[in-house]
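Order of the sequence lines fixes the chain letters, A, B, ..., with proteins taken first and strands second; residue numbering starts at 1 for each chain.
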Amino acid sequence: MGKKFIESILGKRIEEVSRRAKILVFQFDDGTAIVGHLKMTGKFLFVPKNYVRQKHDRILFVFSGGAEHLVWSDIRTFGYLKCVSVEGLDEALCKYGPEPLETSVELLADRLCTPSSRTIKAALLNQECIAGVGNIYADEACHRAGIRPTRRLSSLTAKNRTEVIKEVKKILQKSIDLNGTTSNDYVDTNGTQGGFSVLLKVYGRANLPCLKCKTPIKKIVLVGRGTHYCPTCQR
DNA sequence: ATATGCACCTGTGTGC
DNA sequence: TGCACACAGGTGCATA
């Protein structure tokens with residue numbers, strides 16, 4: 001990490017840790033804050049004080065009086081942390097759409113109600129439309145709602161929109177309850193793997209039989225992302 | 001307005 | 001066993 005970043009946070013007290021969309025926020029007592037994104041392989045891990053530095057570690061947070069250190073590591077180095085002012089914090093967070101778990105089905109479904117020709121999957125992945133939904137959960141929500149990820153927003157019925165939003169909410173809540181989805185190397189701050197993986201119906205199941213109807217799950221590329229769906233259950 | 005391709009990186013799995 | 005290649009949870013930008 002840069003010397004500038006270290007200097008900007010050294011000695012400050014973290015008052016609150018929160019999240020908006022996929023952005024983590026560490027709020028300091030002077031109004032400044034660290035904002036960060038883990039991207040795909042980033043993680044925070046509490047480690048003992050005798051912890052030995054690992055290859056992909058990018059910063060080790062040492063707290064005065066703390067029993068443990070906090071390490072930020074990131075294999076692919078796509079993630080970032082930066083220290084921002086009060087205004088910088090607003091600016092970093094203002095572009096995101098509503099939080100799916102803090103917003104009504106009606107309001108969220110309305111955001112999909114547009115004559116737009118873009119696909120439902122593109123809309124779900126667009127953080128300005130709805131915050132926080134990633135590739136796995138977009139595929140899973142479409143499957144459970146019986147909607148093909150390739151469907152255009154303009155072709156969706158009000159019922160389709162409501163269904164997919166309801167599924168987004170259910171899936172995200174369930175995944176949070178189960179500590180997320182570990183597909184490769186995701187772990188939480190205690191090193192625990194996510195338990196949602198076993199509930200995946202389509203993601204990572206290309207060519208395997210649909211759990212509902214046995215049709216082989218199809219995998220295509222959509223919005224530049226691996227996209228999984230059942231050609232029978234999803235229309 | 002939207003889609004596509006690529007870029008940022010490293011690691012892993014697969015096929016030859 | 002080694003090598004080449006495709007692909008991976010995300011996003012931003014340049015181009016079509």
Does OP1 or OP2 of dG11(B) have a side-chain N or O of K55(A) closer than 4.0 Å? yes
Distance between the C1' atoms of dG9(C) and dA3(B), in whole angstroms? 22 Å
Under 3.5 Å, side-chain donor or acceptor atoms of residues 84-95 of chain A against the rest of the protein: list the pairs with distances, not counting sequence neighbours.
from   : atom 1 : to     : atom 2 : distance (Å)
S85(A) : OG     : E87(A) : OE1    : 3.4
S85(A) : OG     : G88(A) : N      : 3.1

Restricting both atoms to N or O, compile the protein contacts to nucleotides 12-16 of chain B shorter than 3.5 Å, with distance only.
none

Counting only side-chain N and O atoms of K39(A), is one of them less than 4.0 Å from OP1 or OP2 of dC8(B)? no
Does Q127(A) put a side-chain nitrogen or oxygen below 4.0 Å from OP1 or OP2 of dT11(C)? yes
Return a table of donor-acceptor pairs under 3.5 angstrom between the side chains of residues 192-206 of chain A and protein atoms on other chains or two or more places apart.
from    : atom 1 : to      : atom 2 : distance (Å)
S197(A) : OG     : T182(A) : N      : 3.1
S197(A) : OG     : T182(A) : O      : 2.7
R205(A) : NH1    : K201(A) : O      : 3.3
R205(A) : NH1    : P209(A) : O      : 3.1
R205(A) : NH2    : P209(A) : O      : 3.1

Could you check how far CG of L200(A) sits from P of dG9(C), rounded to whole Å? 12 Å
Any side-chain donor-acceptor pair under 3.5 Å between T32(A) and K12(A)? yes
What's the CG-C1' distance between N126(A) and dG10(C), to the nearest Å? 13 Å
Residue pairs passing the side chain to side chain donor-acceptor pair (under 3.5 Å) test with at least one member in residues 41-51 of chain A, sequence neighbours excluded, are T41(A)-D74(A), Y51(A)-D57(A)
The single option from T150(A), N126(A), T227(A) that satisfies side chain to side chain donor-acceptor pair (under 3.5 Å) with K121(A) is T227(A)
F78(A) stacking on dT11(C): centroids under 5.5 Å, ring planes under 30°? no
Writing each nucleotide of DNA chain C 5' to 3' as (, ), [, ], | or . by Watson-Crick or G-U pairing under 3.5 Å yields .|||||||.|||||||
Starting at atom CZ of R76(A), determine the distance to atom C1' of dT10(B), rounded to an integer number of angstrom. 7 Å
I'd like the P distance from dC9(B) over to dC13(C), given in whole Å. 16 Å
Measuring to OP1 and OP2 of dC9(B), would you say a side-chain N or O of H56(A) lies under 4.0 angstrom away? no
Pick the C1' atom in dA6(C) and in dG5(B), then give their distance to the nearest Å. 16 Å
Within this structure, what is the CG-to-C1' distance between L38(A) and dT11(C), rounded to whole angstrom? 14 Å
If I take atom CE in residue M40(A) and atom P in nucleotide dC7(C), what distance separates them, rounded to the nearest angstrom? 14 Å
Quick one: salt bridge (Lys or Arg N to Asp or Glu O under 4.0 Å) pairs with a partner in residues 211-220 of chain A, sequence neighbours left out? none
Any salt bridge (Lys or Arg N to Asp or Glu O under 4.0 Å) involving residues 76-85 of chain A? Give me the pairs, sequence neighbours left out, ordered by first then second residue. none
I'd like a table of atom pairs between the protein and nucleotides 12-16 of chain C - only N or O on both sides, under 3.5 Å - with the distance next to each one.
from    : atom 1 : to     : atom 2 : distance (Å)
dG12(C) : OP1    : K95(A) : NZ     : 3.1

Can you measure H37(A) atom NE2 to dC8(B) atom P for me and round it to whole angstrom units? 19 Å
Can you tell me how far P of dC7(C) sits from NZ of K219(A), to the nearest Å? 7 Å
If you compare all heavy atoms of F78(A) against all heavy atoms of M40(A), which two are closest, and at what distance to 0.1 Å? CE1-CE, 4.2 Å
Least distance between heavy atoms, I120(A) atom then C142(A) atom: CG2-SG, 4.2 Å
Let me confirm one number: the CG-CD distance from N135(A) to E140(A), rounded to the nearest 0.5 Å. 10.5 Å
Donor-acceptor side-chain pairing of S175(A) and Y137(A) below 3.5 angstrom: yes
Can you get from I147(A) to I136(A) by hopping between Ile, Leu, Val, Met, Phe, Trp and Tyr side chains that sit under 4.5 Å apart? yes
Among residues at least two apart in sequence or on other chains, which ones pass side-chain contact (heavy atoms from CB on, under 4.5 Å) with E15(A)? R13(A), D29(A)
For atom P, what is the distance between dC5(C) and dC6(B), given to the nearest Å? 15 Å
N/O donor to acceptor pairs below 3.5 angstrom from side-chain atoms of residues 164-173 of chain A, sequence neighbours left out:
from    : atom 1 : to      : atom 2 : distance (Å)
E167(A) : OE2    : K170(A) : NZ     : 3.4
K169(A) : NZ     : P100(A) : O      : 3.1
K169(A) : NZ     : T103(A) : O      : 2.6
Q173(A) : NE2    : D177(A) : OD1    : 3.1

Under 4.0 Å: is that the gap between some side-chain N or O of R225(A) and OP1 or OP2 of dG9(C)? yes
May I ask you to say what Y203(A) touches in the nucleic acid, namely base, sugar-phosphate or nothing, with a heavy-atom cut-off under 4.0 Å? sugar-phosphate
Atom P, compared across dT4(B) and dC7(C): separation rounded to whole Å: 16 Å
How many Å lie between CG on L24(A) and P on dT11(C), as a whole number? 12 Å
Please list, chain by chain and in numerical order, all residues satisfying side-chain hydrogen bond (donor to acceptor under 3.5 Å, both in side chains) with R20(A), sequence neighbours excluded. E99(A)
Polar pairs (N or O, both sides) under 3.5 Å between protein and nucleotides 2-6 of chain B?
from   : atom 1 : to      : atom 2 : distance (Å)
dT2(B) : OP1    : S116(A) : OG     : 2.3
dA3(B) : OP1    : T119(A) : N      : 3.2

